[in-house]
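Written out below as structure tokens is the structure these notes cover.
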Amino acid sequence: MPATPSETPAVDGVGAVDRPHPVQFFNTMGRAVMPFTPLDGDHVRMYTCGPTVYNHVHIGNLRTFVFEDLLCRTLRFLGYRVTQVMNLTDVDDKTIRGASEANLPLDDFTATYIDSFFNDLDTLQVVRADHYPRATRHIDDMITMIETLVAKEHAYVSDDGSVFFRIASDDDYGRLAGIDPSGLRQGERVASDEYDKESVRDFVLWKAAKDGEPSWNSPWGAGRPGWHIECSAMSVAYLGNSFDIHGGGVDLIFPHHENEIAQTESATGEPFVHTWLHSEHLIVDGAKMSKSLGNQYTLKDLIARGVRPRVLRYLFLQTHYRQKLNFTFDSLGAAAAALRRVDALRHRLGHAPEAADARPAVGEAAETLLREVADALADDLGVPNALAAVFNYVKAINRAIDAGDGPQGLGAGDRQRALDAFDAVDVAFGVFRAEDWPASDGEASDGAGDDGLSDADIDGLLAERQTARAARDFARADEIRVQLTEAGIVIADTPDGPRWRRGD
Ligand code: AMP
Ligand code: ZN
């Protein structure tokens, strides 16, 4: 089931957090934390660059998509209305190459990866965007924008019927990426969609058709759009000439987003985007993911190795979006342990008897949780502080139950009050309610906090892992490691073989 946007539930007896709550973000444009005010009341219009659907997305892409999900959810949690648009790049150099190698029509080739992408979003409980426009369905919008650019002499047609953006016509070029325009090589051109800062040149808006490639008719003859114009045309089509937030991974700052600004502002004459948010990359075991290193995992790869999507979502959320996220199998252990602590409390809450009077401690803790999570997330998505507030809350509620009358207890209405506060903050996190996840994912939802593995089980699994490694069956070895670390077992590989202890 796709997750759906939800309102922050009212929490009975808990003072309201100011809504909409003031927010500040680190704006790549200007490189500083700045107050954020939507252009249109409490309505945030936001565009995020979606996947290029030539491949199954990898966990790096998913880190970025989960960051963007956290951003939308947080804005809703803080009382804003959000319209989110995410494009699908279903025509560019890579998709065309892939379709040609697979000997398939472009749409048939990309269909597999579009399905796979939505599947991954659902698995990680990413709330669906309002629109997922596909580039191939908006070619007319792109042609219209390019015509405007040509008419305004921001673009020119080359001999073969391609169209290029004239960088020298844009005084502001380089503002986002911090490029000094005096170093630009005017008049020289670059035709590929991706290039680095060393090759800043006039870039391509429309590529004349090559034999065997998909093409569309245009005023300049048959051809297809360049990658950058796709996002300019689609974002303006859905959100208007000026909107609030544009997001993506840091690799998109240059040239993609720089070029989007140049094209759109030159075409519309209006400021394009107010706030640019970019998330740092995910790396694996300290290294950049790459096919050749064999460390480029998809979500399905990790699930096949026993990783639970809920634990992965928590792991993604845990690291602040402007820091590199180093994925290791070991780091799943701490993520799973954190979720177990929450699950154990929610389980305990469900069973603790209620005495006659409400305990002020519970209401106070709930209020503190909502206030601290709102303040932390409103400060440039300060997840580390927000999670600290969650775990202080877990401690406070456990303490309140311990201090109750009789064997253990809560006051009237406290159970609901305590759970409602969790539900309220989970509008932003989307990870704390085990019951929202498939049974296999909510494994710890009985809350016992017990990994269920005996010492002999652990010794047996470690022995099996050694055998698997010796047989170079690294998939099985990883699977065992995940099972153990998620169960809270800390493994240290020593010259005398693996040692283990139970973590917390
Ligand atoms: P692409 O399909 O390559 O256009 O990428 C889709 C999204 O994933 C973009 O926002 C990229 O910036 C982002 N992305 C690509 N590689 C990584 C990575 N290793 N870590 C985090 N985000 C990434
Ligand atoms: Zn884009």
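These numbers were taken from a predicted model, which means no experiment stands behind them. Remember, it's 1-based here, ligands and their atoms both numbered in the order they're listed. Along the sequence shown, residues carry numbers from 1.
- Remark: of the listed residues R128, R313, Q125, R313 is the sole one forming a side chain to side chain donor-acceptor pair (under 3.5 Å) with D69.
- With sequence neighbours left out, Y314 forms a ring pair (Phe, Tyr, Trp, His ring centres under 6.0 Å) with no residue at all.
- Residues passing the ring pair (Phe, Tyr, Trp, His ring centres under 6.0 Å) test with H131 are Y238, sequence neighbours excluded.
- Taking the charged nitrogens against the carboxylate oxygens, D202 and R166 have no contact shorter than 4.0 Å, which rules out a salt bridge.
- One finds no salt bridge joining E280 and R322 here, because no Lys/Arg side-chain nitrogen approaches an Asp/Glu carboxylate oxygen to under 4.0 Å.
- Across N87, V66, N61, T48, heavy-atom proximity to atom 5 (O) of ligand 1 is greatest for N61.
- Taking 4.0 Å as the cut-off between side-chain N and carboxylate O, R469 and D493 count as a salt-bridged pair.
- Within the structure, salt bridge (Lys or Arg N to Asp or Glu O under 4.0 Å) pairs that include any residue of residues 217-237 comprise D93-R224, E213-R224 (at least two apart or interchain).
- Near P51, the atoms of ligand 1 lying under 4.0 angstrom from a non-hydrogen atom of the residue are 2 (O).
- Of the N or O atoms in G249, one or more lie within a sub-3.5 Å distance of an N or O in ligand 1.
- Using a 4.0 Å cut-off between a side-chain N of Lys or Arg and a carboxylate O of Asp or Glu, R433 and D436 qualify as a salt bridge.
- Nearest to atom 21 (C) of ligand 1 among the protein's heavy atoms is G60 O, 2.9 Å.
- Aromatic ring centres of F109 and Y54 lie farther apart than the 6.0 Å criterion allows.
- Which of T64, T52, V57, I283 comes nearest to atom 13 (C) of ligand 1 through a heavy atom is settled by distance: it is T64.
- Residue D251 places at least one N or O, backbone or side chain, under 3.5 Å from an N or O of ligand 1.
- Of all atoms in ligand 1, numbered sequentially from 1 with element shown, those under 4.0 Å from a heavy atom of G248 are 10 (O).
- The pair D343-R310 meets the salt-bridge criterion, since a charged nitrogen lies less than 4.0 angstrom from a carboxylate oxygen.
- Ring pair F243/H274: centre-to-centre distance not below 6.0 Å.
- The single protein non-hydrogen atom nearest to atom 19 (N) of ligand 1 is L282 O, 3.3 Å, given as residue, atom name and distance.
- Compare L325, L252, V284 by their heavy atoms: the one nearest to atom 9 (C) of ligand 1 is in L252.
- Using a 4.0 Å heavy-atom cutoff, H58 is listed among the residues neighbouring ligand 1.
- Less than 2.8 Å away from the Zn ion (ligand 2), the protein contributes these N/O/S atoms: C49 SG, C231 SG, H256 NE2.
- The shortest N or O to N or O distance between M289 and ligand 1 is not below 3.5 Å.
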